[in-house]
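A short worksheet on the structure shown next.
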Amino acid sequence: MIVSTRGRYALRVLVDMAEHATDTRIPLKEIAERQEISQKYIEAIMTLLSKNGYVDGVHGKGGGYKLNRDPSEYKIGDILRVTEGTLAPVHCLEKDAEKCPRESICRTLGMWTKLDNLIEGYLDSLTIADLMEKR
């Protein structure tokens, strides 16, 4: 599994938003400047996060985004599943993958399954609040 820039930047943006949270929405321009990410790329990420219920956004003058829950309620694994589609290390373990005809004789399936469980367990044990603490 290789996490794309979309996944990495989504995490950076959410940590930034948590660290700069106020009662008002944060303009994307501010986040883009602090994180040195293009505003256009952040817009695409925020649309995805908004559609999946991670942030609330308002467009237009006075608009921006804000987190809609406490940073401790944002699991890293969930965010990466939204941005990456899967955390599976191999195709046959992806959520909607077709059953592999070699499954019953595959000598490596157990290894991949254990790795998948380790990855998911680890990423699901971390939250945005944890990332805020670790510098």
Side-chain angles (χ1 to χ4, degrees):
M1 172 191 78
I2 294 179
V3 177
S4 70
T5 54
R6 181 171 47 186
R8 295 192 331 265
Y9 289 178
L11 295 175
R12 284 175 47 190
V13 166
L14 290 171
V15 170
D16 183 281
M17 292 176 68
E19 291 177 336
H20 295 90
T22 64
D23 289 338
T24 60
R25 288 176 171 74
I26 303 169
L28 284 183
K29 182 179 181 181
E30 291 178 16
I31 300 168
E33 288 173 0
R34 283 192 297 264
Q35 292 302 312
E36 298 177 341
I37 302 170
S38 82
Q39 189 171 336
K40 185 172 179 140
Y41 199 15
I42 291 179
E43 286 173 5
I45 291 169
M46 296 309 282
T47 298
L48 183 62
L49 293 174
S50 180
K51 285 181 181 177
N52 284 276
Y54 290 98
V55 297
D56 294 325
V58 173
H59 296 286
K61 187 174 181 176
Y65 290 87
K66 66 188 290 185
L67 301 180
N68 56 25
R69 57 189 110 150
D70 188 79
S72 65
E73 297 178 40
Y74 289 83
K75 289 183 182 179
I76 302 306
D78 291 339
I79 296 160
L80 290 176
R81 281 183 205 90
V82 165
T83 57
E84 302 301 314
T86 183
L87 299 176
V90 291
H91 176 70
C92 63
L93 293 178
E94 290 178 356
K95 184 179 176 183
D96 297 325
E98 292 182 27
K99 184 174 170 122
C100 177
R102 297 186 44 82
E103 182 178 341
S104 64
I105 60 169
C106 182
R107 301 278 186 150
T108 62
L109 181 59
M111 174 192 66
W112 294 125
T113 301
K114 187 171 182 176
L115 178 60
D116 187 43
N117 291 337
L118 288 169
I119 291 169
E120 296 220 8
Y122 176 67
L123 293 175
D124 286 340
S125 75
L126 295 173
T127 67
I128 292 296
D130 294 323
L131 297 182
M132 291 170 68
E133 294 174 12
K134 298 177 182 178
R135 294 194 181 262

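Note that this is a predicted model, so its numbers are computed, not measured.
- Side-chain contact between Val55 and Lys66: absent, with no pair of heavy atoms (C-beta onward) separated by less than 4.5 Å.
- To the nearest 0.5 Å, the span separating CD on Glu103 from SG on Cys92 amounts to 8.0 Å.
- The shortest non-hydrogen separation linking Ala32 to Ser38 is CB-C, 4.4 Å.
- Transitive grouping of hydrophobic side chains (ILVMFWY, heavy atoms separated by less than 4.5 Å) keeps Val58 and Val13 in distinct clusters.
- Within the 4.5 Å cutoff, the side chain of Met111 has no heavy atoms near those of the Lys114 side chain.
- Listed by first and then second residue, the ring-ring contact (aromatic ring centres under 6.0 Å, His included) pairs that reach into residues 10-41 are Tyr9-Tyr41, sequence neighbours excluded.
- Of all non-hydrogen atoms in Glu84 and Ile2, the two that sit nearest each other are OE1-O, 3.9 Å.
- Separation of atoms CG (Leu87) and CG (Asp124) is listed at 7.5 Å; rounding is to 0.5 Å.
- For the pair Lys75 (side chain) and Leu126 (backbone), a donor-acceptor distance under 3.5 Å is absent.
- Residues Tyr54 and Leu48 have side chains not in contact (no heavy-atom distance under 4.5 Å, counting atoms from C-beta outward).
- Tracing side-chain contacts under 4.5 Å through hydrophobic residues (I, L, V, M, F, W, Y), one reaches Ile42 starting from Val3; they form part of the same cluster.
- Of the possible polar contacts, one joining the Asp130 side chain to the Thr127 backbone as a donor-acceptor pair under 3.5 Å is found.
- With Asp16 contributing its side chain and Arg12 its backbone, the two residues share no donor-acceptor pair below 3.5 Å.
- Here the shortest heavy-atom pairing between Ile79 and Ala10 reads CG2-CB, 4.3 Å.
- Counting heavy-atom neighbours within 6.0 Å of Arg102 CZ, excluding the residue itself, gives a total of 12 or less.
- For the pair Leu109 and Cys106, the tightest heavy-atom approach, listed with the atom from each and the gap, is N-SG, 3.3 Å.
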Tell me, with the steps shown, if Met46 and Leu28 meet side chain to side chain contact (heavy atoms under 4.5 Å, CB included). CA-CA 9 Å; Met46 296 309 282; Leu28 284 183; 3.5 Å; yes
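- With rounding to the nearest 0.5 angstrom, the CZ atom of Arg34 is 12.5 Å from the NZ atom of Lys29.
- Panel note: side chain Arg6, backbone Thr83; a donor-acceptor pair is recorded below 3.5 Å.
- In this structure, the separation between CD1 on Ile128 and CG on Leu11 is 5.5 Å, given to the nearest 0.5 Å.
- No path of Ile, Leu, Val, Met, Phe, Trp and Tyr side chains, each step under 4.5 Å between heavy atoms, connects Leu123 with Leu118, placing them in separate hydrophobic clusters.
- Note that CD1 of Ile31 is 11.0 Å distant from CD of Glu43, once rounded to the nearest 0.5 Å.
- Side-chain contact, Asn68 with Tyr74: a donor N or O sits under 3.5 Å from an acceptor N or O.
- Considering every non-hydrogen atom in both Asp116 and Ala88, the closest pair reads OD1-CA, 3.5 Å.
- A donor-acceptor pair is defined here as one N or O able to donate and one able to accept, closer than 3.5 Å; such a pair exists between the side chain of Asp70 and the backbone of Ser72.
- Between Glu120 and Arg81 the shortest side-chain heavy-atom distance falls below 4.5 Å.
- If you take OH on Tyr65 and CZ on Arg25, they are separated by 10.0 Å, rounding to the nearest 0.5 Å.
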